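Presented below is the structure to which this report refers.
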Amino acid sequence: MQEVVPINATNGTPQHTRVADALGAENSSVRLKAALAAGSSADPGFLEPLVERCATEPDFFVRDMLSWALTRLPPEVALPRIRQELDSGHAQARGQALHTLSKLGDRSAWPWITRDTLHDPDDEVARTAWRVAVALVPEDGKKDLAADLVTQLGRGDRGVRLSLSRALVELGHETEAVLAKAAEHPDPAVAAHARATTWLRHHPEAGRDEAMRIVMLGPERAAAADAAASRAAGAPDAGEPEEPVRC
């Protein structure tokens, strides 16, 4: 017998009850199908169970389907309820609400991306907030956003740092001055992260692995590591003439 976790439906119709119960099923495939059914119907009656499940759903694919289902609802219905989740005490609820806002792309939600949101103590929530902020910020707000984001340089592991660098790169020329200043920061981790972000601005073709390495080491240390690896492999340093071949 399939175990279910009860979720409140907005109203008591049999369809709402069935879908709400399925959203709490033990099997992730059942939950995925329930979220798909809710989104396909685009019925506001599913708003509450969808939002509730976002806060606890452990499966990435189901969470993504829950967000999709919420985007199918009328914005005037979905947005106010999603807004409430940004103040939740549960990190996943905040993060999933931000993810859903990124899917909606409604710029009227920009004022909800506050400084507290950008500085969320949970790294995953903060990463999502940076991405949403860059997507929703109006042109006249980019300078202030860049100044705020740059205060997070040096934070977290390599994935977190790369996310921040990408957000700053997306803001374009507004980041030049703040990154130049941060590159002189007394904290070496902050300074290296600032220089790495500047490097990424000028090398948009860099792959994820290369970008991750630059962000963690800084461009100078990465270049030094490359030179050391070349020497270890017997290759000449860049700029050094090769030994002529003698017959």
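The chain is numbered in sequence order, starting from 1. Note that the structure is a prediction, hence the values are computed from the model and not measured.
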Residues Arg94 and Asp120 bridged, charged N to O under 4.0 Å:
yes

Answer yes when Arg131 and Glu170 have at least one side-chain N-carboxylate O distance shorter than 4.0 Å, and no when they do not.
no

After noting the C-alpha distance and the side-chain angles of Val51 and Leu70, does the key distance pass the side-chain contact (heavy atoms from CB on, under 4.5 Å) rule?
CA-CA 8 Å; Val51 171; Leu70 286 167; 3.9 Å; yes

Taking all non-hydrogen atoms of both residues into account, name the closest pair between [X] and [Y] and its distance.
X      : Y      : result
Val134 : Ala167 : CG2-O, 3.5 Å
Glu174 : Ala146 : O-CB, 3.9 Å
Gly39  : Arg72  : O-NE, 2.8 Å
Phe46  : Ser41  : CE1-OG, 3.1 Å
Ala129 : Ile113 : O-CG2, 4.3 Å
Val160 : Asp157 : N-OD1, 3.0 Å

[X], [Y]: one ILVMFWY side-chain cluster at the under-4.5 Å cut-off?
X      : Y      : result
Val132 : Leu118 : yes
Leu164 : Val137 : yes
Leu23  : Leu36  : yes
Val77  : Leu86  : no
Leu47  : Val19  : yes

Indicate yes or no for a side-chain donor-acceptor contact from [X] to the backbone of [Y] under 3.5 Å, with no hydrogens or angles considered.
X      : Y      : result
Arg127 : Ser163 : no
Gln152 : His119 : no
Thr198 : Ala194 : yes
Arg63  : Cys54  : no
Arg31  : Ala25  : yes

Beyond-backbone contact of [X] with [Y], side-chain heavy atoms, under 4.5 angstrom:
X      : Y      : answer
Leu179 : Arg201 : yes
Arg166 : Leu162 : yes
Leu171 : Leu149 : yes
Leu32  : Asp59  : no

Residue that, paired with Val190, satisfies side chain to side chain contact (heavy atoms under 4.5 Å, CB included) out of Glu184, Arg195, His185:
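Result for side chain to side chain contact (heavy atoms under 4.5 Å, CB included) with Val190: His185.
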
Checking side chain to side chain contact (heavy atoms under 4.5 Å, CB included) against Val178, which of Thr197, Thr151, Val150 comes through?
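Going through Thr197, Thr151, Val150 one by one, the side chain to side chain contact (heavy atoms under 4.5 Å, CB included) with Val178 is satisfied by Val150 alone.
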
Identify, with sequence neighbours excluded, every residue that meets salt bridge (Lys or Arg N to Asp or Glu O under 4.0 Å) alongside Asp123.
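Only Arg155 meet the salt bridge (Lys or Arg N to Asp or Glu O under 4.0 Å) criterion with Asp123.
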
Are there more than 12 heavy atoms of other residues, nucleotides or ligands under 6.0 Å from atom NE2 of His90?
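Count not over threshold, so no.
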
Is it the case that over 12 heavy atoms from other parts of the model lie below 6.0 angstrom from the NE2 atom of His173?
no

Whether the Ser108 and Asp106 side chains hold a donor-acceptor pair (N or O, under 3.5 Å, no angle test) is what I'd like checked.
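Yes, a side-chain donor-acceptor pair sits under 3.5 Å.
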
Have Gln96 and Ser67 got a donor and an acceptor in their side chains that come within less than 3.5 Å?
yes

Give the C-alpha distance, both sets of side-chain angles, the deciding distance and a yes or no for side-chain contact (heavy atoms from CB on, under 4.5 Å) between Leu153 and Leu168.
CA-CA 10 Å; Leu153 288 169; Leu168 286 163; 4.0 Å; yes

Residues Thr17, Asp21; criterion side-chain contact (heavy atoms from CB on, under 4.5 Å); working and verdict
CA-CA 6 Å; Thr17 301; Asp21 287 345; 3.7 Å; yes

At what distance, to the nearest 0.5 angstrom, does [atom1] of [X] lie from [atom2] of [Y]?
X      : Y      : atom1 : atom2 : answer
Leu200 : His193 : CG    : NE2   : 8.0 Å
Leu73  : Arg81  : CG    : CZ    : 12.0 Å
Thr71  : Leu101 : OG1   : CG    : 11.5 Å
Asp87  : Trp112 : CG    : CH2   : 11.0 Å
Lys143 : Leu145 : NZ    : CG    : 13.5 Å
Lys33  : Met65  : NZ    : CE    : 11.5 Å

Which is it for Thr56 and Arg53 under the side-chain contact (heavy atoms from CB on, under 4.5 Å) test, yes or no, and what are the steps along the way?
CA-CA 5 Å; Thr56 59; Arg53 189 63 199 178; 3.8 Å; yes

